[in-house]
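Below is one structure; the comments refer to it alone.
Proteins get letters first, then strands, A, B, ... in listed order; numbering begins at 1 in each.
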Number of protein chains: 2
Amino acid sequence: MGRRLSICNSIDDCDLAVLANESSRMTVADGRSFIEEGAPAHDFFVVTGGRVKLFTLLPDGRRQITGFAEGGDFLGLAASTSYAFGAEALGSATLCRFPHAGMQRLTERFPSLEHRLREEASRELALMQARMTLLGRKTARERVATFLIERCTHLDRPDSARPVELDLPMPRTDIADYLGLTIETVSRILSAFKKEKLISIRSITHITLLMPERISTIAEGME
Amino acid sequence: MGRRLSICNSIDDCDLAVLANESSRMTVADGRSFIEEGAPAHDFFVVTGGRVKLFTLLPDGRRQITGFAEGGDFLGLAASTSYAFGAEALGSATLCRFPHAGMQRLTERFPSLEHRLREEASRELALMQARMTLLGRKTARERVATFLIERCTHLDRPDSARPVELDLPMPRTDIADYLGLTIETVSRILSAFKKEKLISIRSITHITLLMPERISTIAEGME
DNA sequence: TACCAGACTTGATTCAGGTCAACGTGATGG
DNA sequence: CCATCACGTTGACCTGAATCAAGTCTGGTA
């Protein structure tokens, strides 16, 4: 995960051909896995189209989704020798793959890239702090509210008091595994929000936040 | 948090005086806070002695401890413009402070340092993935078991089948806030482990893992 | 030695969220 | 146009961990 066009920012005034040279494109079909948790980490990835989910598994199959990534997001920083997470496409996705060796040539050529990668990692690290608080200390209601708010700030509209339309491209199972809840709980809480006129549910993937700041308040645990 | 002597690794063959020049030492008394969550981030820190806890707070005071740091660990990567976490001393601690500006001079002088910082961030990121799985998907028993195992691999002894002595310098409250549990639950589970002869509790801070691999199995959810 | 305060443990009870099970719903294909 | 199937919702019930409430243990102090 990372901010849009993360890599390119630090080299856009430089030779993009060099960059293209060190990378290869790939397409991943819906539900297909392209990073295996624990496998030796040989590549970085940039999501160029579609969406992707990142997760870790317990031996008995319990799953924690550690993030969703989309266009421009950077993957693979959470890996030393082996990947600390698995990744699979959510819908079909296109990726740019950068072998570590190639990336190293790039950072030698464009030293500011290294700094950019560190920034990316820092941003990610800060997000994770918040996510740990969510998982360790928030109630189910607060988690779902936080998720909705995340999805909407993600849309980089300023926190308006006006209704915000969202689409949630991931199935409920993924939302649940992201929030450390069950599908049933997520479903019940969305229904409750609807009943309270905080949101309206046009279709499974299409939700409107009717009172964004109110949901925001819930998300922060200030009910 | 970071591996011992993280910074120095990449410059130990270089001019350490330059490094000393860009940093200042400080001592923090027990329980004193030295990073305020949300405050503008001006410095990096390296823990040089004692221990430190990192945490985030919800408005109503709920707390999630996101990590413990000790000698050699690096703090401050999870911050862009403002800190994503607060930090306070656990017992009295000594720190080395590196203002961002100074750090930038250092990375210019020793380019490999930038790479080192990124590695540090990556390591941290990988740890956090595991911690999210713990908080989102593990049972109380599994969390406490994981905590004990963490503390012991932390001691860099290989996973032996032999008993391992641990000391837990943090109060139960901190363990609870780290694991997303309450003090009572932590206490009960430690008592249960004792009853099951998995551990022995010599004193509040001093615990011996009698069957480390057994605890390890519990930690992974394989009961 | 006795007292005290803070940290920890233990027990009884409650409740948020999980589990199990039935029921909708909407997309796909024969 | 209905059957199917995967996904989502809703309801009834259960349970793991939280909460509430005593104890207990420890180290410091007089």
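Side-chain contact check for B/K194 and B/S200: no donor-acceptor pair (N or O, by modelled atom type) lies under 3.5 Å. Residues B/K138 and B/T133 have side chains that never bring a donor and an acceptor to within less than 3.5 angstrom of each other.
The distance between atom CG of A/D174 and atom P of D/dA6, rounded to the nearest whole Å, is 17 Å. Between A/I189 atom CD1 and D/dT9 atom P there is a gap of 12 Å when expressed in whole angstrom units. Whole-Å rounding puts the A/F193 CZ to D/dT9 C1' distance at 16 Å. Regarding A/I175, its CD1 atom lies at a distance of 14 Å from the P atom of D/dC7, rounded to whole Å. Rounded to whole angstrom, the span from the CG atom of B/L168 across to the C1' atom of C/dA7 amounts to 14 Å. One interatomic measurement links the two molecules: CG of A/D30 to P of D/dC7, which rounds to 10 Å at whole-angstrom precision. Rounded to whole Å, the distance from CZ on A/R172 to P on D/dT10 is 10 Å. In this structure, A/I204 atom CD1 and C/dT25 atom C1' are separated by 7 Å, rounded to whole Å.
When heavy atoms are screened at a 4.0 angstrom cut-off, A/L181 is found touching the sugar-phosphate backbone but no base atom. No engagement by A/I183 is indicated, since no non-hydrogen atom pair under 4.0 Å with the nucleic acid exists. Counting non-hydrogen atoms under 4.0 angstrom, B/T139 reaches the backbone sugars and phosphates but no base.
The existence of a salt bridge linking A/E196 and A/R141 is confirmed by a sub-4.0 Å separation between a basic side-chain nitrogen and an acidic carboxylate oxygen.
Note on B/S187: every side-chain N or O is 4.0 Å or more away from OP1 and OP2 of C/dC8. Put simply, A/S191 has a side-chain N or O that comes within less than 4.0 Å of OP1 or OP2 on D/dT10.
Taking each heavy atom of B/V164 and B/P212 in turn, the nearest pair found is CG2-CG, 3.9 Å.
Nearest-nucleotide positions on DNA chain C for B/P171 and B/R137 put B/P171 closer to the 5' end. Comparing B/T173 and A/R141 by the nucleotide of DNA chain C that holds the closest heavy atom to each, the one mapping nearer the 5' end is B/T173.
Aromatic ring orientation, B/Y178 versus B/F68: tilted (interplanar angle from 30° to 60°).
Applying the 3.5 Å distance criterion, the base of D/dT19 shares a donor-acceptor pair with the side chain of B/R188. For C/dC8, the base has no donor-acceptor partner in the side chain of B/E184 [N/O atoms by modelled type, under 3.5 angstrom].
Listed nucleotides D/dT9, C/dC8, C/dT19 differ in distance to A/T182; the shortest reach to its side chain belongs to C/dT19.
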